[in-house]
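Side-chain atoms are counted along with the backbone in the values below, which use heavy atoms only and exclude waters and symmetry mates. Letters A, B, ... are given to chains in the order of the sequence lines, protein chains preceding strands, and every chain is numbered from 1.
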2 protein chains.
Amino acid sequence: MTVAAYAVRMTTNADEPQPRPRRRAPAGAAVLREDVTEAIRAAVFEELAAVGYARMSIEGIARRAGVGKTAVYRRWRSKLHLVLDLVSAIAVQGLPAPDTGSLEGDLRLLYEVTSRALRHPVASQILPDLQAEAARNPDIAEALRKALREGQDGVAKGIVAAAETRGDLRPGTDHALALDLISGPLYWRSVVIRSPKLPKGYLGALARATAAALKAL
Amino acid sequence: MTVAAYAVRMTTNADEPQPRPRRRAPAGAAVLREDVTEAIRAAVFEELAAVGYARMSIEGIARRAGVGKTAVYRRWRSKLHLVLDLVSAIAVQGLPAPDTGSLEGDLRLLYEVTSRALRHPVASQILPDLQAEAARNPDIAEALRKALREGQDGVAKGIVAAAETRGDLRPGTDHALALDLISGPLYWRSVVIRSPKLPKGYLGALARATAAALKAL
DNA sequence: GGGCGTCGGAACGCAACCGTTTCGTCGTGA
DNA sequence: TCACGACGAAACGGTTGCGTTCCGACGCCC
């Protein structure tokens, strides 16, 4: 499941500080109930977006999920494990590599997907938060790095490689710099500047400019 | 005082969890003592880098600064006011606009300055943290936006304008997009990827590629 | 020279979480 | 049919920070 997918489901019940109506619904059996697990997962995303990793508490998660603390501790040993598990889960799903036949076309497609994911406030709230936390916690940093490598960065790498074999880029192109040029601007605009909406034609112009930059390497 | 300057001073005594030896040094007079104020300011930076805004506590700041909580509360009403004050103070000092006569040269100079500032771990730790917090707190967002406008973004804007009048860029250039192209990649590399060290020639190549991107707009 | 106000220190009551334990309930798989 | 174990709820003692209020010490400014 993608971040975006989580975000969509979340918008239905995010930001409810008060206790859920859910009343002691069904009780359990001798097996961890998947619906409870899922409720916790969703609650973590909501909580993460609402208060951030540092302020997030197990009690708060359980409260929001409408479950007992025990249900959480039965599954994860700590807040850290919980978040690492979620981030890793997101990292698993690889994005399909675009193949339009041209560098600019590939970039355009990548930007389309990326900007759609970043458009969800939840994603763009959680991302910088985990990113800041990563500066202090190597485990989070590693998980995030992995997620990035298998997502945005992986796709970008594929695009560069394809363009290189195609002859659109010089063979000696600095790949690391290329990835920075590709991923930087949209992240800056969406997450740092936090521009609410990208103007019409922005992604196209961005793709064109970036392609030009890469060819100048 | 710049972030970098703070960073330098900080490296001397950051990450000392234990109580300072400082023993009930001099007592005060009927005036706020500037050295105490400065000690608090420095402590806030250290604390911000060490634990982040969310986890930062007034008690922790006072402890680190070797002062009483009262000294802090006497100056600022809350953690938020304290941080806003600091961010604003940084925002005040404008960077000088580069003027090398060429777009690429100007960019190169800007990157030199920016990367030097971001090289300090303290700055690159504090930045994403405040940035994440800004997503939740409009006041912080505003302060950060202002600091950015008077810093990196302001300089970039000047560079674009100069290039435009010089004829290096087309008159109709999308300024917002131009700023994203200029600022995004280095931020991505330094703060998101957290690359410890930029390889030789990186900034030059980045400036060249970015200039090419801008000219393609 | 004296008073005002800051200094660090300590304590206040309050609140939130921590991680664990105990409890009665209850559904499911053997 | 029935025991196992997950369920929500509540409470445990401990820690941390909140924001405020005292306190005695001290020294700058009038």
If I take atom [atom1] in residue [X] and atom [atom2] in nucleotide [N], what distance separates them, rounded to the nearest angstrom?
X       : N      : atom1 : atom2 : answer
A/Ile40 : D/dA6  : CD1   : C1'   : 11 Å
B/Ile61 : D/dC18 : CD1   : C1'   : 13 Å
A/Leu32 : C/dT28 : CG    : C1'   : 14 Å
B/Asp35 : D/dC28 : CG    : C1'   : 13 Å
A/Arg63 : D/dA9  : CZ    : P     : 12 Å
B/Arg64 : C/dG8  : CZ    : P     : 17 Å

More than 12 heavy atoms of other groups within 6.0 Å of A/Lys157 NZ =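 12 or below, so no.
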Main chain of [Y], side chain of [X]: is a donor-acceptor contact present, judged purely on distance under 3.5 Å?
X        : Y        : value
A/Lys146 : A/Ser88  : no
A/Gln125 : B/Ala135 : yes
B/Ser124 : B/Val191 : no

(Q) From C-beta outward on B/Val67, which listed nucleotide comes closest to its side chain: D/dA9, D/dC18, C/dG8? (A)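 Nearest listed nucleotide: C/dG8.
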| message | Which nucleotide wins on minimum distance to the side chain of B/Ile58, given the candidates D/dC18, D/dG8, C/dT6? | response |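 So the nucleotide nearest the side chain must be D/dC18.
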Requested in this report: For B/Tyr53, enumerate each residue passing the ring pair (Phe, Tyr, Trp, His ring centres under 6.0 Å) test, keeping only those at least two apart in sequence or located in another chain.
Outcome: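 Here no residue qualifies.
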Please work out which residues in residues 74-84 of chain B have a non-hydrogen atom less than 4.0 Å from an atom of DNA chain D and list them by number.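 Going residue by residue through residues 74-84 of chain B, none turns out to have a heavy atom under 4.0 Å of DNA chain D.
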Note to self: Can you tell me how the ring of B/Tyr187 sits relative to the ring of A/Tyr187, calling it parallel under 30°, perpendicular over 60° and tilted otherwise?
What the structure shows: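 B/Tyr187 vs A/Tyr187 ring planes: parallel.
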- Item | Nearest-0.5 Å distance that lies between atom CG in B/Leu110 and atom CD1 in B/Ile159 |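 Here the rounded value is 4.5 Å.
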Exercise. Do the non-hydrogen side-chain atoms of A/Leu109 and A/Thr100 ever get within less than 4.5 Å of each other?
Worked result: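 Yes, at least one pair of side-chain atoms sits under 4.5 Å.
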What I'd like to find out is whether the side chain of B/Asp153 reaches to under 4.5 Å of the side chain of B/Ile182, using heavy atoms alone.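 Sidechains of B/Ile182 and B/Asp153: no contact.
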Under 4.0 Å from OP1 or OP2 of D/dC28: is there any side-chain N or O of B/Arg33 that close?
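Answer no for this pair, as no side-chain N or O of B/Arg33 is under 4.0 Å from OP1 or OP2.
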Would you list the protein and nucleotides 11-14 of chain D atom pairs, both N or O, that sit under 3.5 Å from each other?
none

